[in-house]
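Everything below concerns the one structure shown next.
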Amino acid sequence: MASAISAALSDGDSIYLAGFTHLIPFAAGHEIIRQEYRDLEVIRATPDLVYDQLIAAGCVRKATFSWAGNPGVGSLRAFRRAVEDGVPNEIDLEEYSHYGTTARLYAGATGLPFIPLKTFAGSDLPKVNDNIRPVESPFSDETVYAVPPLNPDVTVVRAQRADESGNAHLWGIPGEQKEAALAAKTVILSVEEIVDESVIRSDPNRTLITADDVDFVVEEPFASHPSYAQGYYDRDNEAYIEWDDISKTHESLTEWLDEWVYGVEDRAEYVRKLSTDRVLSLGAGNNYGVPINMGGN
Amino acid sequence: MDYTDTELMMTAAARQLEDGDSVLVGIGVPNLACNLAKRTHAPDLQMVYESGTIDSNPDSLPLSIGDPVLAAGAASIESLMGGFSYYLQAGRIDVGFLGGAQIDRRGNINSTVIGDYDNPKVRLPGSGGACEIASNVERTLIITPHQRQRFPEEVDFITSPGYIEGGREAHGLRGGPEAVITDKAVMGFEDGEMVVESLHPGVTREDVQEATGWELQFGDDVSETEPPTDEELRLIREELDPDGVYL
């Protein structure tokens with residue numbers, strides 16, 4: 001991960017760490033913090049704890065988002081400190097709805113100059129975001145809202161498994177991972193495990209993105225902790241609840257970063273630092289899909 | 001049997017759901033209300049989550065809308081793009097649950113900022129999918145504690161439109177807020193304005209008015225909210241939330 005991030009990312013870039021509460025690339029976020037990037041535009045529908053950590057570490061100049069919270073728990077406190085008090089630095093905001101953010105990625109992924117949505121009428125969001133504009137339908141008298149394409153400099157996507165060249169299988173909640181990958185200029189794919197190409201090709205319907213769109217493949221088990229990876233591990237809910245306390249002040253958050261991000265070399269050391277009991281307690285039970293028959297001669 | 005405010009809100013919300021409804025559920029009380037309705041009068045309720053899981057039947061309380069328990073055993077799982085476009089925008093969802101920091105007399109909801117947008121007193125999480133849920137479902141149900149600061153005459157920021165000026169239809173919006181369920185009362189809407197339909201047991205008109213930032217309208221026949229039945233309480237406490245997380 002360290003070499004992929006350092007090869008892919010530059011100061012000032014826009015970055016999309018994809019994942020909709022499931023398969024969030026925490027390890028990539030921590031690597032960005034360790035390498036001390038600055039002036040990043042961080043983009044995601046749901047900037048959660050990993051963006052709170054990037055903001056607190058001073059990596060961020062702008063957040064483009066639609067819902068900034070600690071899912072199921074409450075506020076993102078470092079995000080709020082930056083917006084309300086300019087700590088550790090002020091950040092610009094560009095704000096959409098979830099569909100607005102996702103549709104922007106779709107436009108970016110498919111080369112459209114804009115995409116219309118039946119959202120935003122009657123909302124104040126267009127008043128505070130000049131990128132949400134009314135457009136008249138060329139075919140009827142309807143007015144809808146349009147948003148521009150989004151093409152992040154770098155997207156990190158996570159999936160459960162991939163072959164060595166980057167054909168990736170994802171199951172469970174796919175969120176916006178595919179659109180974010182196809183819209184990006186550079187794609188880092190982080191997976192729980194690398195498998196043989198024949199495993200991927202045995203079930204092509206499960207493939208999220210293909211190797212053509214992937215620039216870096218990183219095999220990194222447990223890299224979504226404390227979020228979920230369906231079939232591999234459950235959310236570490238205690239960590240989300242504890243974050244509310246840890247992030248209460250900039251100082252307590254910085255202490256946490258010192259210990260858990262700057263204080264470890266990589267994800268493997270982070271996982272060793274979590275107790276074995278904690279890691280084992282998050283293990284997913286077994287619940288297998290029935291194999292399908294792709295036919296053949 | 002005694003019950004808590006949350007249990008009353010949960011059962012009042014469950015009763016707003018009809019069998020066969022497709023519901024965009026949220027975590028917490030809405031999730032419990034939907035599961036309760038499904039085990040009582042609405043077995044064919046279809047629960048859809050913002051994360052794209054279609055017809056989820058979680059066997060434990062989901063911790064977030066991305067919980068694997070919502071994905072395992074679902075009828076289908078859509079990407080965000082598929083869920084929001086094929087299901088929500090296209091009109092395949094009947095009911096949506098929303099909450100917010102402020103709700104005003106016309107059912108507009110604010111989940112963005114308290115105070116000025118550029119210099120906020122409190123920065124809230126933002127829309128998420130709330131703006132499109134409020135715009136595209138046929139019936140929006142709002143669940144919130146009833147406090148004066150939550151019920152200003154006009155919200156500081158309209159994140160999710162209610163009965164906006166000029167009418168929803170003229171803006172291409174479906175449906176609208178149908179009910180606001182609080183810990184004091186259940187309110188509906190008449191001519192685009194919130195009207196009290198029922199008061200919870202022990203709550204007076206003055207109590208509700210006191211907790212509301214404008215002169216509240218009361219319906220012609222304000223009733224008493226039906227309290228939870230023993231069976232509803234048993235289901236909530238023993239099956240749906242045995243650890244009492246939301247009670």
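Sequence lines set the chain letters: A, B, ... in the order given, protein chains first and strands last, and positions in each chain run from 1. Only this structure's heavy atoms are used, side chains among them; waters, hydrogens and symmetry mates stay out.
- Using a 4.5 Å cut-off between heavy atoms, B:V122 touches chain A through backbone and side chain atoms alike.
- No part of B:N110 comes within reach of chain A, as not one of its non-hydrogen atoms sits under 4.5 angstrom from that chain.
- Counting only residues at least two apart or in different chains, side-chain hydrogen bond (donor to acceptor under 3.5 Å, both in side chains) contacts with residues 118-130 of chain B comprise A:E95-B:R123.
- Taking B:E138 as the reference, B:R174 meet the side-chain contact (heavy atoms from CB on, under 4.5 Å) condition, with sequence neighbours excluded.
- Side-chain contact check for A:S227 versus A:T21: every heavy-atom pair is 4.5 Å or farther apart.
- Aromatic ring orientation, B:F84 versus A:H98: perpendicular (interplanar angle above 60°, classes split at 30° and 60°).
- Residues of residues 162-170 of chain B that come within less than 4.5 angstrom of chain A, heavy atom to heavy atom, are B:I164 in numerical order.
- Ring-centre distance between A:H225 and A:F26: not below the 6.0 Å cut-off.
- Under the 3.5 Å distance criterion, the side-chain polar atoms of A:H169 are matched with a main-chain donor or acceptor of A:D203.
- Looking at B:F157, both its backbone and its side chain come within 4.5 Å of chain A, counting heavy atoms on both sides.
- Both the backbone and the side chain of A:S97 have a heavy atom closer than 4.5 Å to some heavy atom of chain B.
- Of all residues in residues 88-105 of chain B, those placing a non-hydrogen atom less than 4.5 angstrom from a non-hydrogen atom of chain A are B:Q89.
- Heavy atoms closer than 4.5 Å to chain A are found in both the backbone and the side chain of B:S85.
- Both the backbone and the side chain of B:S51 come within less than 4.5 Å of a heavy atom in chain A.
- For the side-chain contact (heavy atoms from CB on, under 4.5 Å) test with A:D236, the passing option among A:L282, A:V279, A:I241 is A:L282; the others fail.
- In this structure, the portions of B:L63 lying under 4.5 Å from any heavy atom of chain A include both its backbone and its side chain.
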